[in-house]
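First the structure, in the form of structure tokens, and then the observations on it.
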Amino acid sequence: MRVYNTLTRSKEEFVPRRADAVAMYVCGPTVYNHIHIGNARTFLSFDVIRRYLEWRGFDVSFVRNITDVDDKIINRAREEQVTAPEIAAKYTAAFHEAMERLGVKAPTYEPYATQTIDEMIEMIERLIEKGNAYESGGDVYFAVRSFDGYGKLSGRDVDDMRSGARIEVGDLKRDPLDFALWKSAKPGEPFWTSPWGDGRPGWHLECSVMSTGHLGETFDIHGGGVDLVFPHHENEIAQAEADTGAPFARYWLHGGMLQINSEKMSKSLGNFMLLKDVLGTFPAPIVRLFMLQTHYRSPLDYSEERLAAAVKSYERIETAVRNARAVAEGAAADGAGASASSADESSLAEALVAAPEDARARFIEAMDDDFNTAGALAVVFDQVRLVNSFLDQIGSGRGAGYSDLLKAIIDTMLDLLRVLGITFAEGEDGYPVEVVDLAAQLAGYGGGDTREAVDALLASRAAARTDKNWGLADAVRDGLAGLGFVVEDTAQGARVIYRGQS
RNA sequence: GGCGACGUGGCCAAGCGGUAAGGCAGAGGCCUGCAAAGCCUUUAUCCCCGGUUCGAUUCCGGGCGUCGCCUCCA
């Protein structure tokens, strides 16, 4: 398995510190607002990485924090005239709900900054003791120049940065590059008691403390969006490595930005779409498919057109699964044996036999190469075409004998898609009540059950078609279409797919 | 200005030394009462210019263009 490591700017063989386990940390949200779809992309990327590592047999410890103390939270609380903890609680809950809706697995540990204050204070004390930090007017700063490796992650030279850094009048820093570990509290701000007076931790510190706290020194993977490389991750490294003297994280993985009109989506630019709103229009599997068709490190442009295209490709998979299942189940019911009736059919059958193992191998090959989800999806679509071609070849009613083969390939496809967190709803109903009226009108249905109504409509359409009463047959189909149903005539008879009203 | 990434068919996107996966869209054909779904066929001087190589989309240099970080940001 090879992964791109920002630290070395190259793809490296991935060797976790323990052969059978992976310790990974991903920077979680600062809970001052709903997360937008760009934030979601990063969480999704690392969710897939985590799922893949688990699928490959690693015991994954996945830590993702909640930063619930920060200037932005305080500002937001002021705006909304509530307390900072109320803001944090509100958006933490919203974050959890959104992650669940997106199908992002819950982390193994989810530490909160406000519950780690003691540990942070302890780290600051150690850093002061070692000469890497100093107190100044109630604040504590990290002395960037006291740490040799500063800039190694982002490829910066401390002296180059100096010219660009601004020095504010009355700054308490000794060096403009120094960053705050502890900020003294201003009136009305939340605070904790510390050896340097009442205050709160600076950004960056919580991640160093919480990651090493749960995963130990020199854990395997540290992830986040590329925009966190500097200064956030650079500072995390400085704090943690100055403290422990050991390497902080071994592989630094960074996700590319989600863009809109080729421009980074961000809250400060105001060009963002909230995840919860996007999920209101496009279900989680669609959003995942849309995002995973691009490599996680590449920029990805958001557009509704592309989401709509993802709907079509999702339906392509869904249809293949449904068709294969229908044939496999019908065949199993027949119980009769069958032999290939043509050369094409038998060569396709051979390909089908090899398909599950072949797909798995190619999927692994793609994912082992820095989590190439786009390549992995191509493998799935290849299986889709294989299955469809086969179904096309064997034609109607002759699936017998191929039932197990079809089931095996479908199971494999679904298994691979599950690694990407892309799932399919099973046997949902939720038909609109209007079908009952439609059935009363067109099929003489007298009951009140939506499923029965649909069955009655299909039965009346089948009868109409036998009588070549195309007018009635089409009226039924059009009526159902108006309610969000697609009618498909298959070898096993007519079938209805509910796509919802739109 | 400093650091970094990227530029592949109509749109999106893998591949990264032996002339190009996949998705969406388009065209033609098959199937269908008509559809839907599906199958088959079909669409690429891989941004430009040099260089290395038997051979480059793939490596190196230069150019042009787009984007990110350098301030809060996933």
Side-chain angles (χ1 to χ4, degrees), chain A residues 6 9 26-30 32 35-46 70-72 75 151 154-157 159-161 163-166 203 223-232 234 254-259 262-269 272 289-290 292-295 297-301 303 305-320 322-323 344 362 366 369 372-382 384-385 387-393 395-396 464-465 468-470 473-474 477-478 481 485-491 494-497:
Chain A
T6 306
R9 302 255 155 65
V26 173
C27 292
T30 298
Y32 70 101
I35 66 162
H36 62 63
I37 187 86
N39 304 131
R41 185 188 182 201
T42 299
F43 296 125
L44 172 58
S45 297
F46 286 99
D70 178 85
D71 291 355
K72 292 189 165 187
N75 293 338
S154 53
R156 276 155 226 263
D157 183 90
D159 291 314
D160 286 345
M161 285 189 281
S163 54
R166 60 199 162 89
W203 188 44
V226 266
D227 55 351
L228 293 186
V229 171
F230 188 88
H232 185 55
E234 197 70 72
H254 290 100
M257 294 294 99
L258 187 82
Q259 308 182 320
S262 296
E263 198 175 46
K264 177 182 171 181
M265 179 180 285
S266 75
K267 285 172 185 160
S268 41
L269 288 174
F272 59 90
L289 190 56
F290 157 66
L292 296 177
Q293 276 180 299
T294 298
H295 186 92
R297 278 194 293 113
S298 301
L300 165 61
D301 227 61
S303 85
E305 291 70 38
R306 299 201 42 206
L307 254 338
V311 170
K312 302 302 251 178
S313 31
Y314 180 77
E315 286 173 357
R316 179 170 164 77
I317 302 171
E318 203 175 32
T319 303
R322 189 170 46 234
N323 287 340
D344 280 353
R362 290 174 54 215
D369 182 14
N372 183 352
T373 53
L377 280 166
V379 173
V380 172
F381 282 108
D382 281 344
V384 166
R385 194 179 46 254
V387 165
N388 284 339
S389 308
F390 184 72
L391 293 178
D392 186 62
Q393 272 294 318
S396 60
R465 294 184 71 214
K468 298 201 192 300
N469 181 353
W470 309 129
D474 290 348
R477 188 171 63 197
D478 294 346
F485 292 89
V486 177
V487 177
E488 291 183 354
D489 290 317
T490 75
R495 161 176 81 192
V496 106
I497 297 142

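Just the heavy atoms: all of them, side chains too, but no hydrogens, waters or symmetry mates, feed the values below.
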Exercise for review: Have a look at A/Glu305 and say if it touches a base, only the backbone sugar-phosphate, or nothing, with a 4.0 Å heavy-atom cut-off.
Suggested key: nothing

Review point. Contact class for A/Ala309 vs. all strands (heavy atom < 4.0 Å): base, sugar-phosphate, or nothing?
Key: sugar-phosphate

Exercise for review: Take atom CE of A/Met265 and atom C1' of B/C67, then tell me their distance rounded to the nearest Å.
Suggested key: 15 Å

Review point. From A/Asp71 CG over to A/Thr30 OG1, what is the distance, rounded to the nearest 0.5 angstrom?
Key: 10.0 Å

Check your understanding: Choosing from B/G15, B/G33, B/C72, which nucleotide comes nearest the side chain of A/Asn372?
Key -> B/G15

**Study point:** Shortest non-hydrogen contact between A/Ser154 and A/Phe230, atoms and distance
**Key:** OG-CD1, 3.4 Å

Check your understanding: Looking at side-chain heavy atoms only, is the closest gap between A/Asn323 and A/Arg495 below 4.5 Å?
Key -> yes

Point to revise | Nearest heavy atoms of A/Arg41 and A/Gly256, plus distance in Å | key: NH1-O, 3.0 Å

Practice item. Determine the contact category for A/Leu269: base if any of its heavy atoms lies under 4.0 Å from a base atom, sugar-phosphate if only primed atoms, P, OP1 or OP2 are that close, otherwise nothing. Key: nothing

Practice item. Would you tell me if any nitrogen or oxygen in the side chain of A/Ser262 comes within less than 4.0 Å of OP1 or OP2 on B/G68? Key: no

Point to revise | 5' priority, RNA chain B, between A/Met257 and A/Phe230 [closest heavy atom] | key: A/Phe230

Check your understanding: Contact class for A/Ser298 vs. all strands (heavy atom < 4.0 Å): base, sugar-phosphate, or nothing?
Key -> sugar-phosphate

Practice item. Grab the two heavy atoms, one from A/Ser313 and one from A/Gln293, that are nearest each other, plus how far apart they are. Key: OG-OE1, 4.4 Å

Exercise for review: Starting at the 5' end of nucleotides 35-40 of chain B, put B wherever the base has a protein heavy atom under 4.0 Å, S where only the sugar-phosphate does, and a dash everywhere else.
Suggested key: BBSSSS

Exercise for review: Using both distances under 3.5 Å as the test, list the Watson-Crick or G-U wobble partner of B/C6, or none.
Suggested key: B/G65

Practice item. Tell me whether the OP1 or OP2 atom of B/A74 has a side-chain N or O from A/Lys264 closer than 4.0 Å. Key: no

Revision key, fill the gap. Regarding the side chain of A/Asp382, the nearest nucleotide among B/A21, B/G23, B/C16 is B/A21

Review point. A/Leu300 has an atom CG; how far is it from atom C1' of B/G68, in whole Å?
Key: 14 Å

Practice item. Using atom CG of A/Asp159 as one end and atom C1' of B/C3 as the other, report the distance to the nearest whole Å. Key: 15 Å

Exercise for review: Would you mind reporting whether A/Arg306 and A/Thr294 have side-chain heavy atoms less than 4.5 Å apart?
Suggested key: yes

Point to revise | Spacing of A/Leu228 atom CG relative to B/C3 atom P, expressed in whole Å | key: 22 Å

Review point. Going by heavy atoms in the side chains, are A/Arg316 and A/Arg385 under 4.5 Å from each other?
Key: yes

Review point. Which part of the nucleic acid, if any, lies within reach of A/His254 when heavy atoms closer than 4.0 Å are counted: base, sugar-phosphate only, or nothing?
Key: nothing

Check your understanding: Do A/Phe290 and A/Leu300 come within less than 4.5 Å of each other through their side chains, counting heavy atoms only?
Key -> yes

Review point. Looking across every strand, which nucleic acid part, if any, lies under 4.0 Å from A/Gly255 by heavy atom: base, sugar-phosphate, or nothing?
Key: nothing

Point to revise | Whole-Å gap separating P (B/C70) and NE2 (A/His232) | key: 13 Å

Point to revise | Paired nucleotide for B/U19 [Watson-Crick or G-U wobble; both distances under 3.5 Å] | key: none

Review point. Is a donor-acceptor contact shorter than 3.5 angstrom present between the side chain of A/Asp474 and the base of B/G33?
Key: yes

Study note, to complete from the structure: note: A/Gln293, atom CD; B/A25, atom P; distance rounded to Å ~ 12 Å

**Study point:** Aromatic ring of A/Trp470 stacked on base six-ring of B/G33, 5.5 Å, 30°
**Key:** yes

Practice item. Quickly work out the A/Glu318 CD to B/G23 P distance and round it to whole Å. Key: 17 Å

Point to revise | Residue A/Ala374, side-chain atoms from C-beta onward, closest of B/C12, B/C72, B/A13 | key: B/A13

Study note, to complete from the structure: In terms of heavy-atom contacts, A/Gly38 and A/His36 come closest through N-ND1, 2.9 Å

Revision key, fill the gap. The residue, A/Gly375 or A/Phe381, whose nearest nucleotide of RNA chain B is more 5′ is A/Gly375

Point to revise | Between P of B/A5 and CD of A/Gln259, the distance in whole Å | key: 16 Å

Exercise for review: Assign A/Arg156 to base, sugar-phosphate, or nothing according to its heavy-atom contacts below 4.0 angstrom with the strands shown.
Suggested key: base

Review point. Contact class for A/Ser313 vs. all strands (heavy atom < 4.0 Å): base, sugar-phosphate, or nothing?
Key: sugar-phosphate

